[in-house]
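The structure under discussion appears below in the form of structure tokens.
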Amino acid sequence: MSAVRSKICGITRIEDALAAVEAGADAIGFVFYAKSPRAVTFQQARAIIKALPPFVTTVGLFVNASRCELGEILDAVPLDLLQFHGDETAADCEGWHRPYIKALRVKAGDDIAAACDAYASASGILLDTYVEGVPGGTGEAFDWSLIPQGLSKPIILAGGLTPDNVAEAIARVRPYAVDVSGGVEASKGIKDHAKIQAFIKAVVGA
Ligand SMILES: O=C(O)c1ccccc1N[C@@H]1O[C@H](COP(=O)(O)O)[C@@H](O)[C@H]1O
């Protein structure tokens, strides 16, 4: 079985990005959603990416961004992968000359298999927790038993993961990757480097 990848999302500072890379994260995420406490400007994201060593995947997170806004950010920031975390259709996510992942906010009764099939052009599907009125980054986990086996896309598990529960989550779901934001923070938008290290250690040991 191959190693489970990890992404540390909601990075707003160079030192937090470097701490994530040093700990062994495969990807870091930037939130381009103005209502998030972790939102970054394109200037901030660009400065952080400039400080990174090679072979770290940079992910841009968007929530129902306009085509104009998306185009401006992609012109300015060297992002490797796009994460669509709103109500975007597959057509909205395509055509940006970058691979993308689509977030689904899971609740009981959802047909996750059908949703995976609907985003056939996605590199992977990120499963996050459904909380009414909040697009993501809630710090709440969902019932992992809602995830069926044999999905058509690599699964990135998210939603309320922490250094304490990520090993169990991996054992139960066997995702391709895990994604965390709030579970490794000292305060909103500020990462706790010891928590990042503990999180990655738990992922690697799982
Ligand atoms: O981090 C945010 O503020 C955010 C805002 C809007 C949509 C998604 C957001 N974050 C993503 O949500 C999941 C779960 O986060 P958490 O670990 O439960 O805090 C993760 O994919 C974040 O990238």
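Order of appearance sets the numbers: ligands from 1, and atoms from 1 within every ligand. Atom set for the values below is all heavy atoms of this structure, side chains included, hydrogens, waters and symmetry mates excluded. Please read all numbers here as calculations on a predicted model, not as lab measurements.
- Per-residue contacts place Ser36 under 4.0 angstrom from the following atoms of ligand 1 (heavy atoms of the residue considered): 2 (C), 3 (O).
- Residue-ligand proximity, Ala158 to ligand 1, at heavy-atom distances under 4.0 Å covers atoms 21 (O).
- The closest approach between a heavy atom of Gly160 and any atom of ligand 1 is below 4.0 Å.
- Residue Asp128 approaches ligand 1 through these ligand atoms, each under 4.0 Å from one of its heavy atoms: 12 (O), 13 (C), 14 (C).
- If you number the atoms of ligand 1 from 1 as listed, the ones under 4.0 Å from a heavy atom of Val180 come out as 17 (O).
- Near Gly182, the atoms of ligand 1 lying under 4.0 angstrom from a non-hydrogen atom of the residue are 16 (P), 17 (O), 19 (O).
- Contact analysis puts Gln83 in contact with ligand 1, with a non-hydrogen atom separation below 4.0 angstrom.
- Every residue meeting the salt bridge (charged side-chain N to carboxylate O under 4.0 Å, His left out) condition with Asp110, not counting sequence neighbours, appears here in chain and number order: Lys107.
- Within the structure, ligand 1 lacks Gly10 among the residues with a heavy atom less than 4.0 angstrom away.
- Residue, atom and distance of the protein heavy atom nearest to atom 20 (C) of ligand 1 are Asp179 OD2, 3.4 Å.
- With respect to Glu15 and Lys191, no salt bridge is recorded, no charged nitrogen being found less than 4.0 Å from a carboxylate O.
- Using the six-membered ring where Trp is involved, Phe62 and Phe32 have ring planes that are parallel, under 30° apart on the 30 and 60° scheme.
- Cluster note: Leu61 groups with Val31, Tyr33, Val63 through ILVMFWY side-chain heavy atoms spaced under 4.5 Å, whether in direct contact or through intervening members.
- Scanning both residues, Lys153 and Tyr119, for their nearest heavy atoms gives CE-O, 3.4 Å.
- Residue Leu126 has at least one heavy-atom neighbour below 4.0 Å for each of these atoms of ligand 1: 21 (O).
- Contact annotation for Cys9 and ligand 1: only side-chain heavy atoms (C-beta onward) come within less than 4.0 Å of the ligand.
- A salt bridge does not link Arg5 to Asp26: none of the charged nitrogens lies less than 4.0 Å from a carboxylate oxygen.
- Protein heavy atom in closest approach to atom 5 (C) of ligand 1: Gly136 O, 3.8 Å.
- Of the N or O atoms in Gly139, one or more lie within a sub-3.5 Å distance of an N or O in ligand 1.
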